[in-house]
Every structure is written in C-alpha cells, then in structure tokens.
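Encoded as structure tokens, the structure appears first; notes follow it.
Positions are given from 1, in the same order as the sequence printed here.
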Amino acid sequence: VQLQASGGGLVQAGGSLRLSCTASGRTFSEYAAGWFRQAPGKEREFVASITWDGITTTNPGSVRGRFTISRDNAKNTVYLQMNSLKPEDTAVYYCTSGRFAYTPLTTTTTTEDGLAYWGKGTQVTVSS
C-alpha cells in the first residue's frame, strides 16, 4: 500500500489549501483514511478522518469549522480542504489509511501501532 500526499505549500494567514492523498495497492473504498499533522517540536496530532462510507471526524479543538475531509473512491483519493489558515497550522501533514477493511481509524493511532499505513507527508507553512 502506498499513500502519496500533495498540495502543501506556503500560504498567507487567512488563505486556503487543499491537500490530496492518493492510495494505491488495494481497494481504497474499503478502508478508512485520515490526516495527522506534526509541527516542529510537537507531538503528531490528529486532524480528521473519514470512514469507507463517508462518516467524518474532525479534531474538535484546533481545526473544526475550518478544515473538511472528503474522499473520492473512484479516484482512490482523500482530500483535506483547509480554510482560514493560521500560522499555528504550520506543520507536516501526513495522510494515513487503516490497515484493516471496514475499521475506523482512531485519533491516537501512531506509526508504530500497526493499525494504519502512512504517507511521507507534505509541508504546509502559513505566514502571518
């Protein structure tokens, strides 16, 4: 399974970006997917997830109301639409997809727990 993230970049505060993550190597529509992020010197943080059938969960504290996750199973792709970006959104954003079919991602999954596959990340930088 490979996950290829794209769409990161440099944007001014208040701007928008859309991240994409394309999966290959299996039937994407059977698996949950999501986004985490890691800022310099901080722990990796859950951003949003979406089940195989489109049920979404978003971090209630930091991004709710500004970020939206969606998926297009025909394109094997999950998206993260990020609006009203703030400097504190600056981070490397990682795409993830569950290891097991029809099993939701947890907000605390890590690269070591064996419950998900991870992409290499895309840098998002928000200038003030």
Side-chain angles (χ1 to χ4, degrees):
V1 177
Q2 291 188 332
L3 301 171
Q4 182 65 51
S6 61
L10 174 63
V11 63
Q12 289 188 332
S16 298
L17 283 174
R18 188 177 80 157
L19 305 184
S20 301
C21 176
T22 300
S24 60
R26 63 181 185 180
T27 305
F28 179 67
S29 62
E30 297 176 353
Y31 297 88
W35 293 91
F36 285 68
R37 68 184 183 184
Q38 188 166 19
K42 294 188 176 181
E43 297 283 323
R44 189 168 295 193
E45 174 188 37
F46 169 77
V47 176
S49 65
I50 186 166
T51 63
W52 53 95
D53 56 353
I55 299 172
T56 63
T57 302
T58 305
N59 186 314
S62 58
V63 306
R64 182 167 285 179
R66 300 188 297 122
F67 290 12
T68 302
I69 188 170
S70 62
R71 67 189 296 158
D72 185 338
N73 287 335
K75 295 183 179 179
N76 291 347
T77 300
V78 60
Y79 302 99
L80 185 68
Q81 178 66 44
M82 305 185 294
N83 298 328
S84 301
L85 282 161
K86 305 175 181 180
E88 50 264 44
D89 295 318
T90 295
V92 177
Y93 284 70
Y94 296 92
C95 172
T96 183
S97 186
R99 183 177 291 270
F100 304 108
Y102 307 115
T103 303
L105 287 172
T106 70
T107 61
T108 56
T109 193
T110 68
T111 57
E112 293 81 28
D113 64 17
L115 297 178
Y117 295 102
W118 294 82
K120 290 187 177 180
T122 185
Q123 176 71 46
V124 172
T125 303
V126 185
S127 63
S128 57

Within one Ile-Leu-Val-Met-Phe-Trp-Tyr cluster: [X] and [Y], side-chain cutoff 4.5 Å:
X	Y	result
Val47	Ile69	yes
Val63	Val124	yes
Met82	Phe46	no
Ile50	Leu105	no
Val92	Phe36	yes

[atom2] on [Y] to [atom1] on [X], rounded to 0.5 Å:
X	Y	atom1	atom2	result
Leu115	Thr103	CG	OG1	9.0 Å
Asn83	Thr68	CG	OG1	6.5 Å
Thr90	Leu85	OG1	CG	8.5 Å
Asp89	Thr125	CG	OG1	11.0 Å
Ser128	Gln12	OG	CD	9.5 Å

Closest non-hydrogen atom pair between [X] and [Y], with its separation:
X	Y	value
Leu3	Cys21	CB-SG, 3.8 Å
Leu80	Ala48	CD1-CB, 4.3 Å
Arg99	Tyr117	NH1-OH, 3.3 Å
Thr111	Arg44	CG2-NH1, 3.3 Å
Tyr31	Ala101	CE2-N, 3.2 Å
Arg71	Ser29	NH2-CA, 4.0 Å

(Q) Once ring-ring contact (aromatic ring centres under 6.0 Å, His included) is applied, what residue pairs with a partner in residues 66-114 remain, sequence neighbours excluded? (A)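 Of all non-adjacent pairs touching residues 66-114, those that pass ring-ring contact (aromatic ring centres under 6.0 Å, His included) are Trp52-Tyr102.
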
Q) Please walk me through it: do Ser97 and Arg26 pass side-chain contact (heavy atoms from CB on, under 4.5 Å)? A) CA-CA 11 Å; Ser97 186; Arg26 63 181 185 180; 2.7 Å; yes

Q) Is it the case that Ser6 and Gln4 place a side-chain donor and acceptor less than 3.5 Å from each other? A)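 Looking only at side-chain atoms, Gln4 and Ser6 do not form any donor-acceptor pair under 3.5 Å.
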
Q.
Regarding Asn76 and Thr22, do their side chains bring together a donor and an acceptor under 3.5 Å, going by distance alone?
A.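 Their side chains do not contain a donor-acceptor pair, so the 3.5 Å distance test is not met.
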
(Q) Between Glu45 and Asn59, does the side-chain contact (heavy atoms from CB on, under 4.5 Å) criterion hold? Intermediate values first, please. (A) CA-CA 9 Å; Glu45 174 188 37; Asn59 186 314; 3.6 Å; yes

Q) Got more than 12 heavy atoms from elsewhere within 6.0 Å of CD, Glu30? A)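 Check passes, neighbour count above 12.
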
Q: Give the C-alpha distance, both sets of side-chain angles, the deciding distance and a yes or no for side-chain contact (heavy atoms from CB on, under 4.5 Å) between Trp35 and Cys95.
A: CA-CA 5 Å; Trp35 293 91; Cys95 172; 3.9 Å; yes

